Amino acid sequence: MIILHLDMDAFFAAVEERDNPRFAGMPIVVGADPKGGRGRGVVSTANYEARKYGIRSAMPISWAWRSNPKAIFLPVDMKRYAAVSRRIMPILAKYATEMEQVSIDEAYLELRVTSDESASRIAKKIKKEIWEKERLTCSVGIGPNKLVAKISSDHQKPDGLTVVHLNEVQNFLDSKPADIIPGIGPKTYSRLRALGIETIADLRKITKEKLIEMFGVHGEHIYKMARGQDERLVIEEREIKSVGRQTTFGVDIRRPTLIIETASALLEEVFEELAEEGLAGRTLTVIVRYSNFETHTSQETLKHSVSPSLSLREAKKLTLKLLLPYLGKRPVRLVGVRISGFKK
Ligand code: TTP
Ligand code: MG
């Protein structure tokens, strides 16, 4: 599985800079009114020129003013930024089997392609199309999961493109500060630093037991993420585009029958949910993750002429067909099924 994470550069400020050419190249701060240094409220964002003066998102606007009173201070015009966002997101959607927009300027894509080279080509196409249509730049990260994709999109901002191959993940992460991992906030990070833990490489020296002792249920996630492992799926949240279930086995499984039975049980749960939501779909996707975290998806769509939607029986037969090529060779860590392609 290849995940792409895209994040627009200095988003609100970039839209302002584009729409007000007279400010081009000048430091621009979008946020509360600075009122000659007495303003309350905060900076929403600043362009990269303004960041040279230390101005950052969420900083009090009065500090920003003091850092550079000559900067261009502009109010937030959310409607305009939202309209730009609504035009950008469909540019990404066509390359994704699943897409999850996580904020006004940021989205994860599960790509249709299976090689890093093809993923990189897609990223370049997306960047080019956004530039040609909107005159805005973005930064893109590509990796085997959400964690790595997100960290890599931030790696070479602005206008960046970073591809992290599966075998480079650990090396890529090791020098990053540990608080780049979701779940390690400022408090947690200061507890870790008290133990001499600064980087992800340092974090890997702590045993899982110790992390669970320190952080409770989050401990296990932190342990995994420090090793570049992240099983969160890309899920469209705004409108239901697919219904899926997955299971990670307690121990890695090689026996095909057990894997097929598990997929079958998951499919029954999916069909229960589909019935509850009043949905019926035509596309079935199976997901197989091997013990080394290499992940494959395979899907098939019913032709309209055959039947309007998959029945549970058909879906089970199709699951077997899609799963078989992956089974019996290597131990399987996770299996999942997903139904999509709902009628409008
Ligand atoms: P970000 O993607 O975090 O920031 P950015 O796009 O401005 O800059 P970068 O190049 O580092 O990605 O947030 C997207 C937009 O969300 C940002 O343009 C303004 C808004 N925002 C706030 O209003 N307050 C905040 O504290 C943050 C972080 C963002
Ligand atoms: Mg951004």
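FYI, side chains are in, hydrogens and waters are out, and symmetry mates aren't considered; it's all heavy atoms of this structure. Small disclaimer: the values here were computed from a predicted structure and weren't measured. When a ligand or atom number is given, it counts from 1 through the structure's own listing order.
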Quick check: does any side chain N or O of Glu17 sit under 3.5 Å from a backbone N or O of Gly25, one acting as donor and the other as acceptor?
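Between the backbone of Gly25 and the side chain of Glu17 there is a qualifying donor-acceptor contact (under 3.5 Å).
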
Does any N or O in the side chain of Lys127 come within less than 3.5 Å of the main-chain N or O of Cys138, such that one atom is a donor and the other an acceptor?
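Present.
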
Does any donor atom in the side chain of [X] or [Y] lie under 3.5 Å from an acceptor atom in the other side chain?
| X | Y | result |
| --- | --- | --- |
| Thr97 | Gln299 | no |
| Ser139 | Asp9 | yes |
| Ser153 | His5 | yes |

So which of Arg330, Arg333, Lys329 actually passes salt bridge (Lys or Arg N to Asp or Glu O under 4.0 Å) with Glu294?
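Option passing the salt bridge (Lys or Arg N to Asp or Glu O under 4.0 Å) with Glu294: Arg330.
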
Do His296 and Tyr290 have ring centres separated by under 6.0 Å?
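Aromatic pair counts; centres sit under 6.0 Å.
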
With heavy atoms only and a cut-off of under 4.0 Å, state how Met78 meets ligand 1: side chain, backbone, both or neither.
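No part of Met78 is near ligand 1 at this cut-off.
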
For the Mg ion (ligand 2), does an N/O/S atom of [X] lie at less than 2.8 Å?
| X | value |
| --- | --- |
| Asp7 | yes |
| Asp105 | yes |
| Met8 | yes |

For atom 3 (O) of ligand 1, is some protein heavy-atom partner under 4.0 Å away?
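Protein heavy atoms within 4.0 Å of atom 3 (O) of ligand 1 - there are none.
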
Is the closest basic N to carboxylate O distance between Arg338 and Glu110 below 4.0 Å?
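The answer is yes: the pair qualifies as a salt bridge.
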
To which protein heavy atom is [atom] closest, and what is the distance rounded to 0.1 Å?
| atom | result |
| --- | --- |
| atom 1 (P) of ligand 1 | Asp105 OD2, 4.0 Å |
| atom 7 (O) of ligand 1 | Thr45 OG1, 2.5 Å |
| atom 21 (N) of ligand 1 | Ser44 O, 3.5 Å |
| atom 18 (O) of ligand 1 | Phe12 N, 3.0 Å |

Measuring from the heavy atoms of Glu106, does anything fall under 4.0 Å of ligand 1?
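No, Glu106 has no heavy atoms under 4.0 Å from ligand 1.
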
As an exercise, identify every atom of ligand 1 less than 4.0 angstrom from a heavy atom of [X].
| X | answer |
| --- | --- |
| Ser57 | 25 (C), 26 (O), 27 (C), 28 (C) |
| Phe11 | 5 (P), 6 (O), 7 (O), 18 (O) |
| Lys157 | 9 (P), 10 (O), 11 (O), 12 (O) |
| Arg51 | 5 (P), 7 (O), 8 (O), 9 (P), 10 (O), 11 (O) |

Using distance alone, decide if ligand 1 has a nitrogen or oxygen within less than 3.5 Å of any nitrogen or oxygen in Ala10.
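Yes, since at least one N or O of Ala10 sits under 3.5 Å from an N or O of ligand 1.
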
Tyr48 versus ligand 1: do any nitrogen or oxygen atoms come within less than 3.5 Å of each other?
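Between Tyr48 and ligand 1, an N or O pair is found under 3.5 Å apart.
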
Quick check with a 6.0 Å cut-off and a 45 degree axis cone: is Arg227 positioned over the face of Tyr223's six-membered ring?
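Cation-pi check for Arg227 and Tyr223: passes.
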
Phe73 vs Trp65 aromatic rings, parallel, tilted or perpendicular, using cut-offs 30° and 60°?
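Rings of Phe73 and Trp65: tilted, as their planes differ by 30° to 60°.
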
